[in-house]
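Order of the sequence lines fixes the chain letters, A, B, ..., with proteins taken first and strands second; residue numbering starts at 1 for each chain.
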Number of protein chains: 2
Amino acid sequence: MSKPLPRSAADKGGEARTADGLALGLMARRIGFRMRLLQNLLGARVVAAFAPFGLRPGTFTTMALIAANPGLSQIRLAREGGLDKSALVAIVDQLEERGLAVRTRSVIDRRSNSLALTPAGEALMQEMSAAAQATEQCIRDGLSPAEVETLFELLERAYQIVAREDAREPPG
Amino acid sequence: MSKPLPRSAADKGGEARTADGLALGLMARRIGFRMRLLQNLLGARVVAAFAPFGLRPGTFTTMALIAANPGLSQIRLAREGGLDKSALVAIVDQLEERGLAVRTRSVIDRRSNSLALTPAGEALMQEMSAAAQATEQCIRDGLSPAEVETLFELLERAYQIVAREDAREPPG
DNA sequence: TATTGTTATACTCTATAACTATA
DNA sequence: TATAGTTATAGAGTATAACAATA
């Protein structure tokens, strides 16, 4: 408690601060908090970028995961997407109403739905993906290509580390 | 659109997937989404770690920012913390009721409150900070010290890049 | 006239439990 | 008996607007 924290590259030249000059204090060395600061900014951009499409970020994520995993069931999508299965119902309803996705009863297990995007859904997803990537383009431009890869790699490894530990002993 | 994405270190050996094997598709190259995957896991851990204290993560963040910025006003704290000023009233109320923080009218501008932690608030914040750091310890253990520093540095630089661009042209 | 803190209100998300049809 | 999807409902979180005190 009395030992000083090691001075990191991230706060050399003084204590780490927000863009408006607020000191981060104990939050400076919290990975989760540092990610959230960045996501607060990116999230606002994504909401604005998706507004013309009339869909929310979570709905787009749902579309992208369906597209990448044809025949995906709602229960699995809910678990992986970090939302409740009941919350997903409204999202899939909305996608069906707009003709972007379809539910078909699974022939293997008739309790579950096989989800798939329609061609219109595929097309819209590609458009929205481009809009979403544009919100992060400044990061790709401001970092070197190698640094961008390093960021992806470190986020991936951190995620796998935590997921593996959770698998042994869930947090909830 | 027809150009294949460059194969990155983060998804070498095949498409990037969640811990449960779901393909990420277009989300694989989204910095915001990759951070959110990790935060979904960390967030559940932090909520569990804070439950014994009877406080939520946002309340702890508020305490930490007050501690690092003595005399902070509610309006500035709300702006920086990414929440509405009206939402902050309930949080500060709760901190005052539990004797963890105090409001004093600013002598410079009597419209604004100067926020400060009480000694009890300082002590609890230190305890909660240790509990929060413990939720991320496996990442610090699983990555090398240099990699941890690189992760902090890249998150910091990405944040500053986006914040600087937002300052020129806000997204909302 | 603009800003800080507050209150009230409405809206959205989320969490929980129950219900059905299948297994 | 357990699971996938659905529905209903209640609680928490968030956003908006209005107000009093102060600048």
Side-chain angles (χ1 to χ4, degrees), chain A residues 20 22 36 39-40 43-44 46-48 50-51 54-62 65-66 69 71-97 101-116 170-172, chain B residues 20 22 36 39-40 43-44 46-48 50-51 54-62 65-66 69 71-97 101-116 170-172:
Chain A
D20 279 11
L22 216 61
R36 190 151 62 80
Q39 280 195 293
N40 281 348
V46 172
V47 168
F50 284 174
L55 294 177
R56 295 176 39 75
T59 309
F60 168 71
T61 302
T62 298
L65 290 179
I66 293 173
N69 302 273
L72 188 61
S73 70
Q74 289 180 208
I75 193 93
R76 183 137 184 252
L77 180 50
R79 269 199 297 260
E80 295 297 302
L83 50 141
D84 198 82
K85 61 177 179 169
S86 63
L88 186 60
V89 173
I91 293 176
V92 179
D93 282 350
Q94 185 190 25
L95 290 175
E96 271 201 327
E97 281 160 21
V102 289
R103 286 182 246 233
T104 56
R105 221 61 190 178
S106 166
V107 289
I108 299 156
D109 183 341
R110 294 186 31 193
R111 291 172 303 183
S112 75
N113 288 332
S114 287
L115 302 175
Chain B
D20 278 11
L22 215 63
R36 190 151 63 80
Q39 281 195 293
N40 282 348
V46 172
V47 168
F50 284 174
L55 293 177
R56 294 178 40 75
T59 310
F60 169 71
T61 302
T62 298
L65 291 179
I66 292 172
N69 302 272
L72 188 62
S73 72
Q74 289 180 206
I75 193 94
R76 184 136 183 252
L77 179 51
R79 267 200 298 261
E80 295 295 303
L83 49 141
D84 198 83
K85 61 178 180 169
S86 63
L88 186 60
V89 173
I91 293 176
V92 179
D93 282 350
Q94 186 191 24
L95 290 176
E96 270 201 327
E97 281 159 23
V102 288
R103 285 182 248 234
T104 55
R105 220 65 188 175
S106 166
V107 289
I108 299 156
D109 183 342
R110 294 186 30 193
R111 291 172 303 183
S112 76
N113 288 332
S114 287
L115 302 175

Distances under 3.5 Å only, N/O to N/O: pair up the protein atoms with those of nucleotides 5-7 of chain C.
residue: C/dG5; atom: OP1; partner: B/Gln74; partner atom: N; Å: 3.1
residue: C/dG5; atom: OP1; partner: B/Asn113; partner atom: N; Å: 2.7
residue: C/dG5; atom: OP2; partner: B/Gln74; partner atom: N; Å: 3.4
residue: C/dG5; atom: OP2; partner: B/Ile75; partner atom: N; Å: 2.5
residue: C/dG5; atom: O3'; partner: B/Asn113; partner atom: ND2; Å: 3.3
residue: C/dG5; atom: N7; partner: B/Lys85; partner atom: NZ; Å: 3.3
residue: C/dG5; atom: O6; partner: B/Lys85; partner atom: NZ; Å: 3.4
residue: C/dT6; atom: OP1; partner: B/Arg103; partner atom: NH1; Å: 3.2
residue: C/dT6; atom: OP2; partner: B/Gln74; partner atom: OE1; Å: 3.2
residue: C/dT6; atom: OP2; partner: B/Gln74; partner atom: NE2; Å: 2.8
residue: C/dT6; atom: OP2; partner: B/Arg103; partner atom: NH1; Å: 2.8

* **First encountered from the 5' end of DNA chain C, between B/Arg79 and A/Leu83** =>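 Nearest-nucleotide comparison on DNA chain C picks B/Arg79.
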
[X] versus [Y]: any side-chain heavy-atom pair under 4.5 Å?
| X | Y | result |
| --- | --- | --- |
| B/Ile75 | B/Ser112 | no |
| B/Leu88 | B/Lys85 | no |
| A/Leu77 | A/Leu65 | yes |
| B/Gln74 | B/Arg103 | yes |
| B/Val92 | B/Asn113 | no |
| B/Arg36 | A/Thr61 | yes |
| A/Leu55 | A/Gln94 | yes |

* Asked: From the 5' end of DNA chain D to its 3' end, which nucleotides mark the outer limits of contact with chain B, defined by a 4.0 Å heavy-atom distance cut-off (strictly under)?
  ->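 First and last nucleotides in contact are D/dG13 to D/dA23.
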
* **Under 3.5 Å donor-acceptor, B/Asp20 side chain and B/Leu22 backbone** =>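 No; judged by distance alone, with no hydrogens or angles, the pair does not exist.
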
* **Flag, side chain of B/Arg105 to backbone of B/Arg111, donor-acceptor distance under 3.5 Å** =>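 A pair under 3.5 Å: yes.
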
* Asked: For the atom pair CZ (B/Arg79) and CG (B/Asp84), what is the distance rounded to the nearest 0.5 Å?
  ->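 B/Arg79 CZ to B/Asp84 CG: 11.5 Å, rounded to 0.5 Å.
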
* Spacing between B/Ile108 atom CD1 and C/dT3 atom P, to the nearest angstrom ->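 So the two atoms are 19 Å apart, to the nearest Å.
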
Check: protein-nucleotides 11-13 of chain C nitrogen or oxygen pairs below 3.5 Å:
residue: C/dC13; atom: OP1; partner: A/Arg56; partner atom: NE; Å: 2.7
residue: C/dC13; atom: OP1; partner: A/Arg56; partner atom: NH1; Å: 3.3
residue: C/dC13; atom: OP1; partner: A/Arg56; partner atom: NH2; Å: 3.3

